[in-house]
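In what follows, a single structure is set out as structure tokens and then discussed.
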Amino acid sequence: MTNPNPRLRFAPSPTGFLHVGNARAALFNWLEARRAGGEMLLRVEDTDRERSSSELVDNILTSLRWLGLDWDGDIVFQADHLDAHREAALHLLDTGRAYWCDCTSEAVQARAKARGGPPGYDGFCRDRGLPRSDDTALRFRAPDDGTTAFTDLIRGEVSFENKTIEDFVLLRSSGLPVFLLSNAIDDATMGITHVVRGEDHVPGTPKYLLLRDALKLGRPDVFAHLPMLVNEARQKLSKRRDAVSVADFEAQGYLPEAMVNYLALLGWGPKDGVEVRPLGEIVELFRLQDVTSSPAFFDVKKLQAFNADHLRALPAAEFVRRAHPFLTRGQAAVTTLEPLASLVQERVRLLTEVEPMIAFLLDDPVVIDDESWQKAMVKGKAAPEMLAAVTHRLDTLDGWSADAIRAAVEGAAVEAGLVNAEGAAQLSKAQGPVRVATTGRIVGPPLFEALEALGRERTLTRLREAAARL
RNA sequence: GCCCCCAUCGUCUAGUGGCCUAGGACACCACCCUCUCAAGGUGGCGGCACGGGUUCGAAUCCCGUUGGGGGUGCCA
């Protein structure tokens, strides 16, 4: 049952960017391979010369590396093996399992419409004995009776009646092999034991099996068809319709560890219920047979929550390092961020949110948010009194530490009359005007640490400018 | 149309005949904590698609219905 040396593969076609659906398929292959101590191979299915491009190959490889999904051995490019695929197809012709057909797809459709039956090829050229020409494609002669079945690790027994399988194309009239043929042969050549791919491949599996049988290539040990990843309309994710490129998520400030963690939970869950955890633990817990069979919605909200958790789990120095590529103001931003790193870290969900949070330390004069100004200065109580009192106290403050600043603000609050029933300073009200004057916004990192970082001169300048504006 | 697959809170899932008055997570709401915002804590909202069986007993097994999805290319 269990193969001692499982070989799995991720086989993307470079006709689009790597999107989260592909990434999930790659991840599950990788998880099973690594858990079982097997091999993870990578094959680029570039047989569609028109739509494939080396830029897209680069994008796929870059995204896989970013996610931390490595592979064993050299990358196999399917286009390098086209001759062998063609040869195999021709062998099928010799053994009577294939034949040349000159029907155009228009003609096939017209006949289907005319007979009122199901669309698809009707075997028109089966016994015409056509020779190969520039207009003929090679079709596989599918069996007329019997069934083709396989066991799917996730879905159980799946079977198809052979009479529902049409005579599909093996070689285009250009001589190029089609996906089904290349895919089936390459899997055999590469010794793939576990075929783990999307559920959209289920209907093609009997053809795959029929081909492998006809070619006497044996069958893989295991099939596992992963549930689809769907959009809000519950349709299969598509690159064109849905914004789900892995590279885009990277650019938006997601951590690869959050992405793979979240992706692993789409169709699978650890027995202990602990969702947020390092990949290494997931590798140990993952079992292909535990994967769910129903489709899953890719929920960006939950991904964000995971990202925030993984961000907080980082050591502060590492957090700064990860934020680096997202700091557009260069070294100034880095040195500004460093002392406040842990305070910022706890408050962002995406790395792109880091710089805006420390922008008040980078901009002079500070940019004041209108809504915040209205709230704290116009509607807030005793804003002028508070600003005057705090300006004086901070101007004459001994030392410049968060604790000392806090004491000064508390003293100013009492002076401005912002006190509770016991006469103690009401910081929740008092900090508003100070915060807006110095950081420009009503929300942000803890005020006293922020002012300590801002320094006495800039703090006083901003307080005076705000008072003048009032 | 035909073939195939799927069906537990809004979403992702736990659940493999009794432990389920269905558990967790995200989201949402309330409260607590608190210098704002976060984080954290507590509580709340909310689900086994429907109908038949089988069984002492069904979210769990079987059949059907409905709904959704995938495939049906000389794309992959």
Side-chain angles (χ1 to χ4, degrees), chain A residues 11-16 45-48 50-52 78 101 103-105 108-109 112 116-121 135-139 152 155 158-161 163-166 168-176 178-180 182-183 198-206 225 227-228 230 232-236 262 265-276 292-299 301-306 308-309 312 343-349 357 372 376 406 409-410 413 425-432 434-436 439 441-450:
Chain A
S13 90
T15 54
E45 306 214 316
D46 50 355
T47 54
D48 183 343
E50 255 94 89
R51 296 196 301 152
S52 299
Q78 198 158 61
C101 165
C103 298
T104 61
S105 54
V108 171
Q109 283 171 31
Y121 186 66
D135 297 319
T136 53
L138 189 70
R139 285 184 184 273
D152 189 290
R155 271 147 238 286
V158 182
S159 82
F160 293 80
E161 291 197 44
K163 68 180 178 204
T164 66
I165 299 169
E166 62 176 350
F168 55 95
V169 169
L170 260 18
L171 297 178
R172 298 174 242 242
S173 48
S174 66
L176 276 177
V178 299
F179 156 77
L180 221 33
S182 296
N183 182 263
E199 189 193 342
D200 47 346
H201 289 286
V202 170
T205 303
H225 287 96
M228 297 272 80
V230 300
E232 42 283 275
R234 302 214 68 87
Q235 294 163 317
K236 165 183 171 182
Y262 177 64
L265 262 37
L266 257 21
W268 176 84
K271 295 286 180 224
D272 62 10
V274 178
E275 295 191 330
V276 176
T292 320
S293 47
S294 47
F297 171 65
F298 184 85
D299 185 2
K301 281 262 186 67
K302 187 152 180 172
L303 206 214
Q304 277 185 7
F306 273 48
D309 280 341
R312 273 181 231 110
L343 295 177
V344 172
Q345 184 176 7
E346 201 174 279
R347 290 168 169 76
V348 294
R349 290 172 310 168
M357 197 156 287
S372 296
R406 179 189 180 109
V409 173
E410 281 174 339
Q426 254 190 318
L427 272 185
S428 59
K429 288 187 177 149
Q431 57 97 34
V434 183
R435 181 183 292 280
V436 172
T439 72
R441 300 196 52 210
I442 196 80
V443 299
L447 183 61
F448 313 122
E449 284 81 357

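Lettering follows sequence order; numbering is per chain, from 1.
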Task: Parallel, tilted or perpendicular: rings of A/H201 and A/F179 (30°, 60°) - done: tilted
Task: Separation between the P atoms of B/C6 and B/U42, rounded to whole Å - done: 38 Å
Open item on the list: With rounding to the nearest 0.5 angstrom, report the CE to CD distance, A/M357 to A/Q345.
Closed with: 12.0 Å
Task: Pairing partner of B/U34 (Watson-Crick or G-U wobble, both distances under 3.5 Å) - done: none
Task: Spacing of the C1' atoms in B/U11 and B/G46 (rounded, Å) - done: 12 Å
Open item on the list: Can you measure A/L303 atom CG to B/U11 atom P for me and round it to whole angstrom units?
Closed with: 18 Å
Task: P spacing across the pair B/C4 / B/G64, given as an integer number of angstrom - done: 12 Å
TODO: Can you sort out the partners of A/D309 under side chain to side chain donor-acceptor pair (under 3.5 Å), two or more places apart, ordered by chain and number?
DONE: A/R312
Open item on the list: Within the 4.0 Å heavy-atom criterion, would you say A/G267 contacts the bases, only the backbone, or no part of the nucleic acid?
Closed with: sugar-phosphate
TODO: Could you work out the separation of B/G53 and B/A58 based on their C1' atoms and round it to a whole Å?
DONE: 12 Å
Task: Rounded C1' spacing from B/G47 to B/G10 in Å - done: 10 Å
- [ ] Take the protein atom CH2 of A/W268 and the nucleotide atom P of B/U13, then report the distance between them rounded to whole Å.
- [x] 12 Å
Open item on the list: Need the pair for B/G73. Rule: Watson-Crick or G-U wobble, both distances under 3.5 Å, any strand; none if unpaired.
Closed with: none
Task: Exercise: identify the closest heavy-atom pair between A/A430 and A/A413 - done: CB-CB, 3.5 Å
TODO: Kindly compute the distance separating CG (A/L303) from CG (A/L266), expressed to the nearest 0.5 Å.
DONE: 9.0 Å
Open item on the list: For a quick check, with a 4.0 angstrom heavy-atom cut-off, what is the B/S/- contact string for nucleotides 45-50 of chain B, read 5' to 3'?
Closed with: ------
Task: Integer angstrom distance from the P of B/C56 to that of B/C20 - done: 23 Å
- [ ] Please state how far atom CD in A/E275 lies from atom C1' in B/A25, giving the value in whole angstrom units.
- [x] 4 Å
TODO: Tell me whether the OP1 or OP2 atom of B/A7 has a side-chain N or O from A/S293 closer than 4.0 Å.
DONE: yes
- [ ] Can you check each nucleotide of nucleotides 27-37 of chain B against protein heavy atoms at under 4.0 Å and return B for base, S for sugar-phosphate only, - for none, in 5' to 3' order?
- [x] --------BBB
Task: Atom pair CZ (A/R139) and CD (A/E166), whose distance is rounded to the nearest 0.5 Å - done: 6.5 Å
Task: Any residue meeting side chain to side chain donor-acceptor pair (under 3.5 Å) with A/R435, in chain and number order, not counting sequence neighbours - done: A/Q431
Task: Reading 5' to 3' through nucleotides 60-76 of chain B, protein heavy-atom contacts under 4.0 Å coded B for base, S for sugar-phosphate only, - for none - done: ---------SBSSSBBB
- [ ] Tell me, please, which residues at least two apart from A/T205 pass side chain to side chain donor-acceptor pair (under 3.5 Å).
- [x] A/R197, A/H225
Task: Non-hydrogen atoms of A/N183 and A/Q78 that approach each other most closely - done: N-NE2, 3.6 Å
Open item on the list: Regarding A/E199 and A/R155, does a basic nitrogen lie under 4.0 Å from an acidic carboxylate oxygen?
Closed with: yes
Task: Side-chain donor-acceptor pair present, A/S13, A/T15, cut-off under 3.5 Å - done: yes
Open item on the list: Tell me which nucleotide, if any, is Watson-Crick or G-U wobble paired with B/C28 when both distances must be under 3.5 Å.
Closed with: B/G44
Task: Earlier contact from the 5' end, RNA chain B, for A/S159 and A/G273 - done: A/S159
Task: C1' atoms of B/C45 and B/G24, separation to the nearest Å - done: 16 Å
TODO: Could you check A/F298 against A/S294 and say which one's nearest nucleotide on RNA chain B is further toward the 5' end?
DONE: A/S294
